[in-house]
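Working notes for the structure below.
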2 protein chains.
Amino acid sequence: MDILWAQSAPLTAREVGRLIQDRDLAPTTVMTVLDRLSRKGFLNRTRDGRAWRYEPAESRDAYVTELMLEALDLTGDRSAALTRFAQAVSGSEAEILRRALMELEEQ
Amino acid sequence: MDILWAQSAPLTAREVGRLIQDRDLAPTTVMTVLDRLSRKGFLNRTRDGRAWRYEPAESRDAYVTELMLEALDLTGDRSAALTRFAQAVSGSEAEILRRALMELEEQ
DNA sequence: TGCGCCCCTCTACGGCACGTAGTACTACCC
DNA sequence: GGGTAGTACTACGTGCCGTAGAGGGGCGCA
């Protein structure tokens with residue numbers, strides 16, 4: 001669903017329907033979905049003539065980060081969960097994290 | 001729902017019902033919920049006489065980690081998402097992450 | 001100036017998960 | 001044997017999601 005959306009970065013209107021021909025959906029279906037997504041704050045819409053132009057409210061990475069923080073909130077012991085998470089990511093990803101944290105520290 | 005569960009660590013049976021008196025649920029309600037959770041793999045059950053004894057399949061932290069990794073899978077650019085995540089956590093949490101990664105490196 | 005097309009909004013319907021619970025069966029204890 | 005406790009099976013309301021149809025209103029072209 002929003003996968004289709006997060007995929008193509010630029011903003012668009014009901015040409016979204018044309019971008020997903022694989023499942024041949026009724027035009028109204030696409031509209032309804034976009035409408036519901038914008039209603040829930042995942043998408044922003046702006047007028048363009050009589051049509052709407054939709055745009056992701058957040059970047060995909062921001063959304064993912066939000067989800068991760070949300071998951072983190074579920075635990076009683078954030079420190080333990082973070083430690084475990086650090087151990088769970090792959091070596092190369094640990095390296096990426098390490099670098100990002102390093103840069104943070106420098107500021 | 002599983003909040004109640006993840007809370008009390010030890011394994012138990014339908015005394016769970018007694019542990020949550022605040023919302024006075026019918027005993028069968030608690031049973032159904034536990035049953036459905038075990039069916040979905042969140043809980044393990046073992047026989048104890050004619051009763052079942054339920055036990056979290058995973059620790060809460062393991063579950064949280066799993067959720068976080070799952071969120072991470074949603075992105076196309078894991079590296080960017082991880083970097084962003086590192087920047088999003090609080091300072092003290094960044095420190096925890098840093099330490100966990102340090103220990104990893106030593107091994 | 002009227003007809004058709006495009007896009008919108010509103011409404012709907014089936015499916016599924018979830019929270020809640022009732023009923024019916026069974027085994028144990030006194 | 002009857003009360004109690006525990007189980008399995010079934011059910012109902014609600015809310016979300018994917019899908020879509022019906023109807024209204026501009027805009028452009030003949």
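Every chain is numbered from 1, with letters handed out A, B, ... down the list of sequences.
The residue B:R18 sits close only to the backbone: its heavy atoms come under 4.0 Å of sugar-phosphate atoms, none of a base.
Here the nucleotide nearest the side chain of A:A51, chosen from D:dG6, D:dT7, C:dC8, is C:dC8.
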Under 3.5 Å, which donor-acceptor pairs link side chains of residues 79-86 of chain B to any protein atom two or more places apart or in another chain?
unit_1, atom_1, unit_2, atom_2, d
B:T83, OG1, B:S79, O, 2.8

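Rounded to whole Å, atom P of C:dA21 lies 11 Å from atom CD1 of B:I20. Atom OH in B:Y54 sits roughly 10 Å away from atom C1' in D:dA8 (whole-Å rounding). If you measure from atom CG of A:D48 to atom C1' of C:dC7, you get 12 Å, rounded to the nearest angstrom. If you take CG of A:D35 and P of C:dT11, they are 13 Å apart, rounded to a whole angstrom. What separates CG of B:L34 from C1' of D:dA8 is a distance of 14 Å, to the nearest Å.
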Contact pattern, 5' to 3', of nucleotides 13-26 of chain D - B, S or - by protein heavy atom under 4.0 Å:
----BBBBBB----
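Nearest approach of B:A57 to B:N44, heavy atoms of both residues: CA-ND2, 3.7 Å. For the residue pair B:G76 and A:R60, the shortest heavy atom distance occurs at N-NE, 3.7 Å. When every heavy atom of A:R98 is checked against every heavy atom of B:L101, the shortest pair comes out as NH2-O, 3.2 Å.
Between B:E93 and A:R78 there is a salt bridge, since at least one side-chain N of the basic residue sits less than 4.0 Å from a carboxylate O of the acidic one.
Side-chain contact between A:M68 and B:L72 is present, with heavy atoms from C-beta onward closer than 4.5 Å.
OP1 or OP2 of D:dA8 has at least one side-chain nitrogen or oxygen of B:R45 nearer than 4.0 Å.
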